[in-house]
Amino acid sequence: MARVRYGARTGREIAATRTAGARLTDLWSTGVVAVWETDPDAVAAVLPRPLKPTARPLVRAAISRVDLRGQPLGAGSFAVAAAHGPVDGWYPLVMPMTRERDLTGGREVFGEPKKLGEVTVERDGLVVRASMARHGIAFVEVRGAVSGPLPLPGPVRRTDFYFKFLPAVDGRGFDGDPLLVHCERDENVRRLERVTGDVVLRESVYDPVADFPVRRLVEITIGEKTGDQRGRVVERVDPRALLPFLHQRYDDPLQALDAPPAATGSR
């Protein structure tokens, strides 16, 4: 009988998959990063407990492109500064990705708020434009011109906070307590330049980032970097504290909250 491809994989095949995944850390991406100060009340409003605001109400928009095995990958992140106890980091609200393969792993393993979208990084001489778009709306656009090189930083560690959960089968709450995940990223930079420009936030009912206006632009950079990431569960979260924020993860929160107890479907 020919092999049934949905059947169990061998130990050797599973090990080969892990090895291939480890090689992805050697990839270099080109990315535009914009950081700005925004309305502190807006930042505080989107942070589920136990996350808290930091001293500065910062927003970080990171828009990257990487040639992954001949298939360009666009990856974006729109995050606000947050703290969990003594750890300062970033709480991403939306992370558009251009490929489903790179979306599902991050959502299911780390709890990343990834969604399919369009991510663009363009450079023509000194002119730079980068954007994140979904549903036909470029809800974040960073544009400007390269104004000079910046000193290369040493190895940088950044922490992102995610909530990993499964909506309940009956549409009421969660199946088990949600988990707060610390995802640590170690990055190395081989090129970094300053960009003089601005950030445009466009209204979108699906990605309402326009609620975080640019009060003061801190910096815009374009660079090339590589890195890896490791996640760990740091605590279980009170479901009642997270449930009011469930809509952050979905374009249609009714899909998670109002599922009928006996939904019909294919069997």
Side-chain angles (χ1 to χ4, degrees), residues 38-54 57 59-62 75-85 87 89-97 100 102-117 132-135 137 139-140 159-183 201-212 229 231-265:
T38 191
D39 183 347
D41 292 336
V43 173
V46 299
L47 296 178
R49 297 197 312 269
L51 299 183
K52 296 182 178 180
T54 58
V59 177
R60 182 178 188 270
S77 173
F78 186 98
V80 298
H84 178 226
V87 180
W90 298 94
Y91 177 58
L93 295 172
V94 61
M95 301 176 68
M97 310 291 290
E100 184 177 7
D102 301 284
L103 180 152
T104 54
R107 286 178 64 99
E108 296 177 11
V109 176
F110 294 102
E112 295 173 330
K114 289 184 173 180
K115 299 177 181 180
L116 283 175
M132 294 184 274
R134 298 179 65 247
H135 301 288
I137 301 171
F139 57 91
V140 178
T159 300
D160 283 350
F161 304 120
Y162 305 126
F163 291 97
K164 182 177 180 179
F165 57 82
L166 285 175
V169 172
D170 63 4
R172 300 178 176 88
F174 303 98
D175 281 334
D177 291 340
L179 306 175
L180 175 58
V181 175
H182 284 198
C183 184
L201 304 177
R202 295 186 176 90
E203 179 59 38
S204 169
V205 297
Y206 299 105
D207 304 290
V209 300
D211 293 344
F212 301 89
Q229 66 180 40
R232 60 188 178 92
V233 174
V234 294
E235 68 173 86
R236 295 183 179 274
V237 177
D238 181 355
R240 295 168 297 180
L242 187 59
L243 189 61
F245 297 90
L246 186 65
H247 63 284
Q248 293 178 346
R249 190 66 56 88
Y250 303 100
D251 285 350
D252 180 7
L254 294 180
Q255 180 180 0
L257 290 174
D258 291 344
T264 60

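Only this structure's heavy atoms are used, side chains among them; waters, hydrogens and symmetry mates stay out.
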Candidate pair Phe161 and Val87, rule side-chain contact (heavy atoms from CB on, under 4.5 Å), full reasoning = CA-CA 10 Å; Phe161 304 120; Val87 180; 4.1 Å; yes
Can you tell me how far the CH2 atom of Trp90 sits from the OG1 atom of Thr54, to the nearest 0.5 Å?
-> 7.5 Å
Close side-chain approach of Pro50 and Leu180, heavy atoms under 4.5 Å | yes
Point-to-point distance, once rounded to the nearest 0.5 Å, from CD of Gln229 to CZ of Phe110 = 4.5 Å
Residues that Asp238 engages under salt bridge (charged side-chain N to carboxylate O under 4.0 Å, His left out), provided they are two or more places apart = Arg240
Val109 backbone acceptor or donor facing Lys164 side chain under 3.5 Å | yes
Answer whether the closest heavy-atom distance between the side chains of Val209 and Leu93 falls below 4.5 Å.
-> no
Looking at CD1 of Ile137 and CZ of Arg202, how far apart are the two atoms once the value is rounded to the nearest 0.5 Å?
-> 10.0 Å
Smallest heavy-atom separation, Gly117 atom then Arg134 atom, equals CA-CG, 3.8 Å
Take Phe212 and Val46 through the side-chain contact (heavy atoms from CB on, under 4.5 Å) test and state the conclusion after the steps.
-> CA-CA 11 Å; Phe212 301 89; Val46 299; 3.7 Å; yes
Closest heavy-atom pair, Leu243 versus Gly173, reported as atoms and distance to 0.1 Å, is CD1-CA, 4.1 Å
Can you check side-chain contact (heavy atoms from CB on, under 4.5 Å) on Phe78 and Leu201, steps first, answer last?
-> CA-CA 11 Å; Phe78 186 98; Leu201 304 177; 4.3 Å; yes
Set of salt bridge (charged side-chain N to carboxylate O under 4.0 Å, His left out) partners for Arg60, sequence neighbours left out | none
Between Ser77 and Pro96, what is the shortest heavy-atom contact and its length?
-> N-CD, 4.4 Å
About how many Å separate OH of Tyr162 and NZ of Lys114, when rounded to the nearest 0.5 Å?
-> 7.0 Å
Can you see which heavy atom on Pro244 is nearest to which on Ala241, and at what distance?
-> CD-O, 3.6 Å
If you take all heavy atoms of Arg236 and Asp177, which pair is closest and at what distance?
-> NH1-O, 4.0 Å
Nearest-0.5 Å distance, CG of residue Leu246 to CZ of residue Phe165 | 5.0 Å
Which atom pair, heavy atoms only, marks the closest approach of Pro167 to Tyr250?
-> CG-OH, 3.2 Å
Check the pair Val181 / Arg232 against side-chain contact (heavy atoms from CB on, under 4.5 Å), numbers first and verdict last.
-> CA-CA 6 Å; Val181 175; Arg232 60 188 178 92; over 6 Å; no
Go through the structure and list residues passing salt bridge (charged side-chain N to carboxylate O under 4.0 Å, His left out) with Lys115, not counting sequence neighbours.
-> Asp251
Report the distance from atom CG of Leu242 to atom CZ of Arg249, rounding to the nearest 0.5 Å.
-> 8.0 Å
